[in-house]
Amino acid sequence: MSTVIENLLARKQKLVEELEVAQTVEDRDRIEHQLEQINTALDFLDRPGPEDGR
């Protein structure tokens, strides 16, 4: 599981860097959408499962 999270975090960092230099509104929108998807996935993976006893 940690590999998935690490990959998502690495992708997120790359997208943040791309967002800083994005030239067009379309590029920024696309990058922001991808960041939202990654944040949603990270939130989902961070939730305790039933086996955690929470």
Side-chain angles (χ1 to χ4, degrees):
M1 181 70 74
S2 63
T3 302
V4 172
I5 294 172
E6 290 169 4
N7 288 340
L8 286 170
L9 290 173
R11 179 70 180 137
K12 182 177 178 177
Q13 179 61 39
K14 183 177 178 188
L15 287 169
V16 168
E17 292 170 3
E18 289 179 25
L19 187 59
E20 292 174 357
V21 296
Q23 297 289 323
T24 66
V25 172
E26 291 83 9
D27 287 342
R28 286 191 292 273
D29 287 345
R30 176 186 54 81
I31 293 167
E32 288 173 353
H33 179 70
Q34 290 178 22
L35 285 169
E36 288 174 13
Q37 290 178 320
I38 290 172
N39 286 332
T40 299
L42 288 169
D43 288 344
F44 178 77
L45 292 171
D46 192 42
R47 290 184 190 156
E51 67 278 357
D52 288 345
R54 293 183 194 170

Enquirer: In Å and rounded to the nearest 0.5 Å, what is the CG to CD1 distance from D43 to I38?
Expert: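 Result: 12.0 Å between the selected atoms.
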Enquirer: Taking side-chain contact (heavy atoms from CB on, under 4.5 Å) as the test, write out the residues that go with E18, two or more places apart.
Expert: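 Here the qualifying residues are R11, K14, L15, R30, I31.
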Enquirer: Please name all residues satisfying side-chain hydrogen bond (donor to acceptor under 3.5 Å, both in side chains) with Q23, sequence neighbours left out, ordered by chain then number.
Expert: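 Not a single residue meets the side-chain hydrogen bond (donor to acceptor under 3.5 Å, both in side chains) criterion with Q23.
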Enquirer: Only counting residues at least two apart or in another chain, list the ones meeting side-chain hydrogen bond (donor to acceptor under 3.5 Å, both in side chains) with N39.
Expert: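 With neighbours one apart ignored, the set is K12.
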Enquirer: Can you name the side-chain contact (heavy atoms from CB on, under 4.5 Å) partners of L9, sequence neighbours left out?
Expert: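 Partners of L9 under the side-chain contact (heavy atoms from CB on, under 4.5 Å) test: I5, L42.
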Enquirer: Using the side-chain hydrogen bond (donor to acceptor under 3.5 Å, both in side chains) criterion, which residues pair with T40? Sequence neighbours excluded.
Expert: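 Listed in chain order: nothing, the list is empty.
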Enquirer: Report the residues that fulfil side-chain contact (heavy atoms from CB on, under 4.5 Å) with D29, sequence neighbours left out, ordered by chain and then residue number.
Expert: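 side-chain contact (heavy atoms from CB on, under 4.5 Å) list for D29, sorted by chain: V25, E32.
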